[in-house]
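Only one structure is covered here, and it is reproduced in the block below.
In what follows, chains are A, B, ... by sequence order, proteins preceding strands, each numbered from 1.
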Number of protein chains: 2
Amino acid sequence: MSTVLETPKGKGEATRERILEIAEAAVLAKGFGATSIEEVIAEAGLTKSGFFYHFKDKNALAREMVRRYVATNDRLFDEIFGRGQQLSDDPLQAFLISLKLLAETMADLPNGHPGCLIASICYQERLFDREIRDLTAQSVRDWNARFRTILDGIAAVHPPREPVDLDDVADMLSCIVDGAIIMSKTLNDPGRLERQVMLFRSLVKLMFAPN
Amino acid sequence: MSTVLETPKGKGEATRERILEIAEAAVLAKGFGATSIEEVIAEAGLTKSGFFYHFKDKNALAREMVRRYVATNDRLFDEIFGRGQQLSDDPLQAFLISLKLLAETMADLPNGHPGCLIASICYQERLFDREIRDLTAQSVRDWNARFRTILDGIAAVHPPREPVDLDDVADMLSCIVDGAIIMSKTLNDPGRLERQVMLFRSLVKLMFAPN
DNA sequence: CCAAAACTGTACTCATGGTACGGTTTCTCC
DNA sequence: GGAGAAACCGTACCATGAGTACAGTTTTGG
């Protein structure tokens, strides 16, 4: 309370963050069930006791991982779609700009996109408790709602030329990103993710742009 | 060779199949790393010795699982896209019919789509050997090539109204299906998968149909 | 009926996840 | 600079699961 800085961040907080980061990478590479606490703490450079000081069990680790992932993603979306709105008053143009930014962001990852934690968890649902599954579900709903709002704004100005359901179009963006991440990883070709986002962008243009 | 039936199928073959089916369901629900041989054999009703009679180790099980999954999927695609071609001479109409069939097939799963094994494996790549990763990569490439061929046939008759890359459009179908499966599972709403396939269908129409 | 196929049973090793708990260092604040 | 909390270490322990070895038993197909 007395410090001026926003994030006092005791030493413990830093360790927590390090654990979460290492764990997330491991989970995305081998799955939660196959990610051992031992390997995480080995890489983090602390002991088992130290780990359990921060997280009461593996499920607590998972919960915090998801919270962290969702928060990071939310911030990224805020920035990307906020930036689009700054750069154009037309909602369609703003969205197209944001999609381009999104594609570039995806392409900028040096070793390709590390993966979507929500997708990873979805394929291991039985390992997680109700709270975690609710967390992932809510975050997906939030993202879809965000896109839906944007699309509403566009449709108000540019009536779509075909009767498409905007809820489905909003869903589609998440679907394409998740699907493209999988394809990129499977084929070991990071470029596909960017291309899919750009194709989605073309289709948005096709749907709304006056011909 | 002397039998008339296509599949003589000794008793061992049936057991193998049962193991693979149980294992696949378990892997899609909790991941490969968290799927124990013990639980699989418990559900299959045989002993550990019995299991290792059929598969030399867990990786052999994974290999056969993937082979089985890919073969099943190939057959399904053969049927769906073959049927489309039977029902219309126009390649675009044929594809639209097939996509409708695909959407219906997806919607017909009683408890929603169980999941894509390739996607599941992609998020646990470190657990699998080179051979398995090559298998999944090749199957994805094959599916993409199949769709690309269809799109080529369409484009030859109906020039696309926007300059879209047909390779990307072909990729998109797999991406959308994989992504929609994840969303359906995460939100526990099986309907989304069907809707996404139908939306893709609308977009194909929008891309190629003369206005 | 016989040989191969398809298992069962037991008994073990080794590695690892996860728990429990008491002790020790390091930080922080008064 | 001392007290107490936060952050961490050490060790001992149990349960589970992968995988091996191998001898025995049932089942099946020709």
Note to self: Regarding B/N73 and B/W143, do their side chains bring together a donor and an acceptor under 3.5 Å, going by distance alone?
What the structure shows: no
Check: Within this structure, what is the CZ-to-P distance between A/R16 and D/dC8, rounded to whole angstrom?
Finding: 11 Å
Note to self: I need the NZ-C1' distance between B/K58 and D/dG17, as an integer number of Å.
What the structure shows: 9 Å
Check: Regarding A/K205 and the six-membered ring of A/F200, is the cationic atom NZ or CZ under 6.0 Å from the ring centre and inside 45° of its axis?
Finding: no
Note to self: Rounded to whole Å, please give me the gap between CD in B/E13 and C1' in D/dT27.
What the structure shows: 17 Å
Checklist line | Value in whole Å for how far the P atom of D/dA18 lies from CZ of B/F51 | finding: 8 Å
Check: In whole angstrom, what separates A/F52's CZ from C/dG23's P?
Finding: 21 Å
Note to self: I'd like to know if B/S49 reaches the base of C/dG9 with its side chain, counting only an N/O donor and acceptor under 3.5 Å.
What the structure shows: yes
Margin query: Any salt bridge linking B/E125 with B/R133? Criterion: basic side-chain nitrogen under 4.0 Å from a carboxylate oxygen.
Written below: no
Checklist line | Salt-bridge present (A/D168, B/R192; N to O < 4.0 Å) | finding: no
Next item on the list: Under 4.0 Å between any heavy atoms, over every strand shown, what does A/K48 touch: base, sugar-phosphate, or nothing? Just pick one.
Entry: base
Margin query: Given C/dT19, C/dT8, D/dC9, identify the nucleotide with an atom nearest to the side chain of A/D57.
Written below: C/dT19
Notebook entry, point to check: Which residues, if any, of residues 22-41 of chain B bring a heavy atom under 4.0 Å of DNA chain C?
Noted result: none
Note to self: Would you say the ring centers of A/F208 and A/F95 fall short of 6.0 Å from each other?
What the structure shows: no
Note to self: With the threshold set at under 4.0 Å for non-hydrogen atoms, list the residues of residues 123-131 of chain A touching DNA chain D in residue-number order.
What the structure shows: none
Check: With respect to the phosphate group of C/dC7, does any side-chain polar atom (N or O) of B/H54 fall under 4.0 Å of OP1 or OP2?
Finding: yes
Item checked: Derivation and outcome, side chain to side chain donor-acceptor pair (under 3.5 Å), residues A/Q138 and A/D142 -> CA-CA 6 Å; A/Q138 194 51 47; A/D142 288 346; 3.1 Å; yes
Notebook entry, point to check: What distance do A/L28 atom CG and A/M65 atom CE have between them, rounded to the nearest 0.5 Å?
Noted result: 6.5 Å
Item checked: Short side-chain N/O contact to D/dC8 OP1/OP2 from A/T15, under 4.0 Å -> yes
Checklist line | Electrostatic pair B/R146-B/D78, nearest N-O below 4.0 angstrom | finding: yes
Next item on the list: Please report, rounded to the nearest Å, how far the P atom of C/dG18 is from the CZ atom of A/F55.
Entry: 14 Å
Next item on the list: Determine whether the aromatic ring centres of A/F77 and A/F147 lie less than 6.0 Å apart.
Entry: yes
Notebook entry, point to check: Given C/dA6, D/dC9, C/dG9, which nucleotide is nearest the side-chain atoms of B/Y53?
Noted result: C/dA6
